[in-house]
A.B. asks: 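The following block contains the structure, expressed as structure tokens.
Numbering of residues begins at 1 and proceeds along the displayed sequence. This one's a predicted model, so the numbers in the text were calculated from it and none came from an experiment. Whatever order the structure lists them in is the order used to number ligands and atoms, beginning at 1.
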Amino acid sequence: MADLEGNAAAKKFHVETPAARFTQNIRGAANLDWGMQNRLSRILDPQTGRTVMLAFDHGYFQGPTSGLERIDLNIAPLAEHADAVMCTRGALRTSVPPATRAGLVLRASGGPSILKDLSDEYTAMAMADAVRINADAVAVQVFVGGEHESRSIRNLTTLVDDGYVAGVPVLGVTAVGKELVRDARYLGLATRIIAELGAQLVKTYYCEEGFEDVVAGCPVPVIMAGGKKLPELEALTMASNAVRAGAAGVDMGRNIFQSADPEAMMLAVRAVVHDDVDPADAHELFREATETRVPA
Ligand code: R5P
């Protein structure tokens with residue numbers, strides 16, 4: 001090597017060493033373009049292949065629901081514990097600091113409020129704005145079996161087409177109407193349809209029976225939605241069961257921001273999702289953190 005010293009023109013191509021091959025731990029992503037894989041890696045931790053996503057997009061149809069009255073005060077500070085946040089562009093631009101490091105999943109469908117049929121949605125943002133905001137993915141509700149099923153599928157496929165142009169992945173959300181049963185048969189149907197129509201990520205509810213079949217039958221990462229507020233131990237147990245059944249993490253809202261201690265709950269969920277901590281032990285972490293911070 002001595003003859004290379006001080007010789008700026010010398011080159012070393014390591015001809016004996018094969019070119020690097022980069023493989024990612026993301027289901028179904030191997031053939032995606034670099035930019036799309038890079039964005040997915042900002043949502044799914046490359047170390048674990050999982051995500052703890054903090055959802056606070058509820059206001060787009062529910063208004064200021066409990067826990068989301070002041071996103072700037074109560075929610076934005078939690079983002080540092082999230083792999084990604086999921087919200088509307090309105091909430092983001094008004095209430096979340098641009099210096100936030102978490103990945104960003106932007107709600108891109110909307111229309112009806114809780115006063116009307118929720119399946120009556122349209123796409124509600126242009127992909128160009130998602131790119132301008134620097135989104136890592138856009139999210140769209142898909143109402144399989146709902147009154148406006150076909151339009152919601154059209155919303156999905158339009159965003160998928162635009163997402164391929166821009167390199168932005170799409171998260172398809174199984175929106176289960178009140179009249180439908182959240183069992184493995186329905187969730188398996190909905191998640192598979194969403195993935196086959198091009199979504200790179202799917203979010204769905206957990207079901208006690210057969211969730212592993214739902215995950216196995218979906219060729220892209222399945223992220224568990226939180227659902228209504230449960231006692232913390234129950235929510236942690238559900239998250240643990242979901243990742244043990246193969247889910248690529250969770251996207252939780254009410255079970256975090258309606259918790260007695262949202263920050264402690266974020267940390268407990270992280271322990272379950274990324275470190276496979278037993279839910280009872282994670283609940284103990286939650287309890288200890290809560291007691292430390294909130295005097296009795
Ligand atoms: C609902 O339409 C939104 O997609 C929410 O982000 C999603 O339901 C997750 O929030 P939660 O855990 O409160 O159900």
A.B. asks: Tabulate below the donor-acceptor pairs under 3.5 Å that side-chain atoms of residues 71-80 make, not counting sequence neighbours, or state none.
C.D. replies:
unit_1, atom_1, unit_2, atom_2, d
D72, OD1, R70, NE, 2.9
D72, OD2, R70, NH2, 2.8

A.B. asks: Residues in side-chain hydrogen bond (donor to acceptor under 3.5 Å, both in side chains) with S41, at least two apart?
C.D. replies: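 S41: side-chain hydrogen bond (donor to acceptor under 3.5 Å, both in side chains) contacts with Q24.
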A.B. asks: Under 6.0 Å from the CD atom of E179, do we count more than 12 heavy atoms belonging to anything else shown?
C.D. replies: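 Count over threshold, so yes.
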A.B. asks: D83 and R270: salt bridge (charged side-chain N to carboxylate O under 4.0 Å, His left out), yes or no, with the steps?
C.D. replies: CA-CA 9 Å; D83 296 298; R270 287 196 73 81; 3.4 Å; yes
A.B. asks: Please determine whether the number of non-hydrogen atoms from other residues, nucleotides or ligands lying under 6.0 Å from atom CG of D275 exceeds 12.
C.D. replies: yes
A.B. asks: Mind checking what makes side-chain contact (heavy atoms from CB on, under 4.5 Å) contact with P219, not counting sequence neighbours?
C.D. replies: R192, A195
A.B. asks: At less than 4.0 angstrom from any atom of ligand 1, which residues have a non-hydrogen atom? List them by chain and residue number.
C.D. replies: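 Protein residues near ligand 1 are A55, D57, H58, F61, M86, R107, Q141, K203, Y205, G226, G227, D251, M252, G253, R254.
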